[in-house]
Amino acid sequence: MIESASSSSNFLRDLIETDLAAGRYDRVVTRFPPEPNGYLHIGHAKAICANFGLAAQFGGVCTLRMDDTNPTKEDIEYVESIQDDIRWLGFDWGEHFFHAADYFEQLYRYARELISKDLAYVCSQTNEEMRRDRGTVIEAGTASPDRDRPTAESLDLFARMRAGEFADGELTLRAKIDMAASNMKLRDPPMYRIRHATHHRTGDDWPIYPIYDFAHGLSDSVEGITHSFCTLEFQNNRALYDWYIENTSTLRPRPYQYEFARLVLSWTLTSKRKLLQLVTEDHVQGWDDPRMPTISGLRRRGVPPAAIRNFCDRIGVSKTNSIIEMEVFEEEIRAELNRTAPRRMVVRDPVRLVLVDWPEGTVDPLELANHPSADLGTRTVPLAGQVFVERSDFSDDPPKGWKRLSVGVEVRLRGAYLVTVNEVLRDEDGRILELHATHDHASRGGDAPDGRKVRGTIHWVPTEPSVTMNLRMVDRLFAVANPGEGDADFLDELNPASMPITEAVGEGALRDAAPGDAFQFERIGYFAVDADSTAEALVFNRAVSLRDTWAKASTAPTKGKSKARSAPVVAAATPSAEELAALAAWTEVGVSVETARMLKADAALDTLAWDAVLAGAEAKDAANLVGNELVRALDGRGTDALPFGGDAIASLASLSADGTLNQRGLRAVLAELVMSGGAPGEIVERLSLVQLSSDALTPVITAVLADHPEEAARLAGGETKLIGFLLGQVMRRTGGKADPKAARALLMQSVAGTRPSTAGKAGP
RNA sequence: UGAGGUGUAGCUCAAUUGGCAGAGCACCUGACUCUGAAUCAGGCGGUUCGAGGUUCAAGUCCUCGCACCUCAACCA
């Protein structure tokens, strides 16, 4: 099992840590639950890395479960490809390979349990009726006429459904929850439907099949899952997940579902439906076409599994819907291949270069390193006076900064000799036929004995021995950054040149390359041997190009900063004269409109604040305390039965006004008040919240200043923002009890005393 | 129009729970180089979605807005 570096942020990891620390679980069990109805793609890789990776990190297990509850879409072909892909990615489920179908009996029992508890019923509505009665997002649904069917009758009907007595669609089993729920998922969702279909695993044993929401959480429970991670679109389904688990006799501790954002990669698609369409309509050559974002496609293209894992680790896991730039993935592929891929030389558009002064009939067996840094050995590239070089590596009229061949310019043939072109042979159209060059025979290996510098190095291939090959220049499948966006048909956005094929000639060592082997073709890119390649007909797929800053510089698109920030400046709704009048009671005594509004919105709060004023508090203090701090302390709790009254608020206000309490102390008291009532004065005593005065603060400030001399100096130098940092340190050290105003004054005073310019004056 | 989510640098994410707004990638510059690659160093880049409020101090707390995503399959 491979553990990823786990450097990026991942809130799921934090979540597990918290659960483990709190003792909610004594081990971690996650699961990866694909539906076997398609091939895994790069988006799944994120989920695989999250589930398997996290389990491994915490010493737990991750199960692999085929979520096969819909026999009409699923197939054994997919089950096998899914396993292959996960294994190839580097993960191992051990003996924990399961199928939701393995739990059909158990799920059936849970369903009966729900019917027995009158929490489910057999419904005879048609598909259309059910849809119509579900209501809309703003209107409640209406109950099925079968909603109150007696338990015994539902039990009987359900048994007969299972026995195969009804036709497809005739009946369903529905959970009895709430037809008026604002969460549409809760409006009596179906649990079982009748499907007389052959299941890839259970054959014809079952004429009824459970639906995702019912099956999923309960399957998690059966497997002892602790953390069930899924994508954001299931957030509304969580209520159902919880409902089924809470209302059945499932294992405890129970699993909980958490959602994260699925991976969206620019320039590609990860919709199963659309990928399937690409395959079935022959827009690509299959699920493992090297242009496909499927795991098998990436594998065929030559992307190493480590690159995918590192990529998933780098992008992290969050709940923000986001689009990852394809460049990030490509960069991760380069990083991995750069480290591991042996180097070879291949020429795509060859021009013969003849060394006219090469000693007749001699062959130099040059040894070239397979990798610039890693120790991957060497291979022999024989040189006999004639080589192929790239046509594009020669220029008659070199631009500024040119580092390649040109008449009279000395250039290095990589790992071989320094050469200078003297003569260019052309046909009548001016096309170059051959380059004639001389070489420095003393520069064998690539360095001149006199140490002269040569700017350019180009790759080459001996004319003999060499091999010809086809290079599939795999590029982006789509021509636009966000295919299928808006009304666009994604098929219209396919890149017509997504995989041009070029012939090339390569060094002889390439003949023995086996399918899957990946190389860096120097100065060109990373290529892997295709699955269909043979020694007679070599085929390479480009896994990724090399970065090319030269090409970038020459085509330099004048890129303007598109500061297209659509910022609709919406002014805060100005209160009407009418509203202002209603608020006047508060605003007249100096309370802000916002706070006044807040109080007016809740009669209990308004009364409480006025009671506090009646009990002697300053109106503004009472309003702020209730309108801001109390609301915060309430944290969504109702204001109906507060265990304290206006007198408590008044007393709190005075405690704050007279300097007994600082803001933090005030909040602590308020929290206590909300929980269990009581008298503020007594709470302050009990929790010892009295803030620290100047005398008690002096030593603390001295210590803080001593511990942070650099920050102190910067503050002395005029960086006033450091006061926040240093004051924060003081607060931390005093457990939040320092009087911030006093502390601030003392801090400024001390710093001023250490200021170099005033040091003389400050002396005793 | 209901419910559930999400808004921090061009992109992806942090920010010790109220205390100096940072990192990686991208981009630019320089160094180095037998791959115009890699590597190394530096730099640019901020209305923390907006407007208010509370506080000594707000990305963080409160209020009101805005934008985007998901949900009305007997799919998952």
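For the numbers below, each heavy atom of this structure counts, side chains included, while hydrogens, waters and symmetry mates do not. Chain A is the first sequence line, chain B the second, and so forth, proteins listed ahead of strands; every chain is numbered from 1.
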When the [atom1] atoms of [M] and [N] are compared, how many Å lie between them, rounded to an integer?
N	M	atom1	result
B:U47	B:C40	P	31 Å
B:A58	B:U17	C1'	13 Å
B:A37	B:C49	P	37 Å

In terms of side-chain heavy atoms of [X], which of [options] is nearest?
X	options	answer
A:R404	B:C69, B:G36, B:U54	B:G36
A:I324	B:U12, B:C20, B:G36	B:U12
A:S322	B:G5, B:G53, B:C13	B:C13

Does OP1 or OP2 of [N] have a side-chain N or O of [X] closer than 4.0 Å?
X	N	result
A:S592	B:G52	no
A:S318	B:U12	no
A:R314	B:C13	no

*asked:* Test of understanding: with side-chain contact (heavy atoms from CB on, under 4.5 Å), list the residues that count as partners of A:N624, not counting sequence neighbours.
replied: A:T595, A:K620, A:N628
*asked:* Test of understanding: with side-chain contact (heavy atoms from CB on, under 4.5 Å), list the residues that count as partners of A:P398, not counting sequence neighbours.
replied: A:S395, A:W402, A:S406
Any strand is fair game: report the nucleotide pairing with [N] by Watson-Crick or G-U wobble, both distances under 3.5 Å, or none.
N	value
B:G22	B:C13
B:U1	none
B:U54	none
B:U47	none
B:U6	B:A67
B:A37	none

By the 4.0 Å heavy-atom rule, please label [X] as base, sugar-phosphate, or nothing.
X	value
A:L625	nothing
A:G627	sugar-phosphate
A:R547	sugar-phosphate
A:R714	base
A:R339	nothing
A:E719	nothing
A:W460	nothing
A:K319	sugar-phosphate

*Between A:F11 and A:L413, which has a closest nucleotide on RNA chain B that is more 5'?*
A:F11
*Which comes earlier along RNA chain B counting from the 5' end, the contact point of A:R414 or that of A:N321, where each point is its nearest nucleotide?*
A:R414
*State whether a side-chain donor-acceptor pair under 3.5 Å links A:E522 with A:Q520.*
no
*Does the side chain of A:D133 come under 3.5 Å of the side chain of A:Q125 through a donor N or O and an acceptor N or O?*
yes
Whole angstroms only, please: what is the [atom1]-[atom2] distance between [X] and [N]?
X	N	atom1	atom2	result
A:M598	B:C61	CE	C1'	12 Å
A:I701	B:G19	CD1	C1'	15 Å
A:R13	B:C13	CZ	P	14 Å
A:L666	B:G18	CG	P	15 Å
A:N370	B:A37	CG	P	22 Å
A:H371	B:U33	NE2	P	19 Å
A:D602	B:C62	CG	P	15 Å
A:F725	B:G18	CZ	C1'	15 Å

_Which label fits A:H44 and A:F32: parallel for a plane angle under 30°, tilted from 30 to 60°, or perpendicular past 60°?_
perpendicular
Identify all pairs in which a protein N or O lies below 3.5 Å from an N or O of nucleotides 56-60 of chain B, and state each distance.
{"unit_1": "B:C56", "atom_1": "OP1", "unit_2": "A:K741", "atom_2": "NZ", "d": "3.4"}
{"unit_1": "B:C56", "atom_1": "O2'", "unit_2": "A:R744", "atom_2": "NE", "d": "3.4"}
{"unit_1": "B:C56", "atom_1": "O2'", "unit_2": "A:R744", "atom_2": "NH2", "d": "3.0"}

*Would the number of heavy atoms belonging to other residues, nucleotides or ligands and lying under 6.0 Å from CD of A:E618 be above 12?*
no
*salt bridge (charged side-chain N to carboxylate O under 4.0 Å, His left out): pairs with one or both residues in residues 712-730 of chain A, sequence neighbours excluded*: A:R714-A:E719
*Derivation and outcome, side chain to side chain contact (heavy atoms under 4.5 Å, CB included), residues A:N662 and A:M731*: CA-CA 11 Å; A:N662 63 14; A:M731 294 306 284; 3.9 Å; yes
Answer with yes or no whether [X] presents, from its side chain, a donor or acceptor under 3.5 Å of a partner atom in the base of [N].
X	N	answer
A:E594	B:C64	no
A:R597	B:C64	no
A:Q520	B:U35	yes

_For A:D606, give me all partners under salt bridge (charged side-chain N to carboxylate O under 4.0 Å, His left out), at least two apart in sequence or on another chain._
A:K600
_My understanding is that only residues two or more places apart in sequence, or in another chain, count here; which of them pass salt bridge (charged side-chain N to carboxylate O under 4.0 Å, His left out) with A:R404?_
A:D393
_Check: A:M66 and A:P34 side chains under 4.5 Å, non-hydrogen atoms_ = yes
*With sequence neighbours left out, which residue pairs that include part of residues 319-342 of chain A fulfil the ring-ring contact (aromatic ring centres under 6.0 Å, His included) condition?*
A:F311-A:F329
*Assign B:A73 to syn or anti; the rule is syn for a glycosidic angle within 90° of 0 and anti otherwise.*
syn
*Does B:U54 fall in syn (glycosidic angle within 90° of 0) or anti?*
anti
Side-chain atoms of residues 188-196 of chain A: list all donor-acceptor pairs with protein atoms under 3.5 Å, sequence neighbours left out, distances to 0.1 Å.
{"unit_1": "A:D188", "atom_1": "OD1", "unit_2": "A:R147", "atom_2": "NH2", "d": "3.1"}
{"unit_1": "A:D188", "atom_1": "OD1", "unit_2": "A:I177", "atom_2": "N", "d": "2.8"}
{"unit_1": "A:D188", "atom_1": "OD1", "unit_2": "A:D178", "atom_2": "N", "d": "3.4"}
{"unit_1": "A:D188", "atom_1": "OD2", "unit_2": "A:Y121", "atom_2": "OH", "d": "2.7"}
{"unit_1": "A:D188", "atom_1": "OD2", "unit_2": "A:R147", "atom_2": "NE", "d": "2.7"}
{"unit_1": "A:D188", "atom_1": "OD2", "unit_2": "A:R147", "atom_2": "NH2", "d": "3.4"}
{"unit_1": "A:Y192", "atom_1": "OH", "unit_2": "A:Y108", "atom_2": "N", "d": "3.3"}
{"unit_1": "A:R193", "atom_1": "NH1", "unit_2": "A:T69", "atom_2": "O", "d": "3.3"}
{"unit_1": "A:R193", "atom_1": "NH1", "unit_2": "A:Y209", "atom_2": "O", "d": "3.3"}
{"unit_1": "A:R193", "atom_1": "NH1", "unit_2": "A:P210", "atom_2": "O", "d": "2.7"}
{"unit_1": "A:H196", "atom_1": "NE2", "unit_2": "A:F166", "atom_2": "O", "d": "2.7"}

_Can you build the contact string for nucleotides 71-76 of chain B? Use B for base contact, S for sugar-phosphate-only contact, and - for no protein heavy atom under 4.0 Å._
BBSBBB
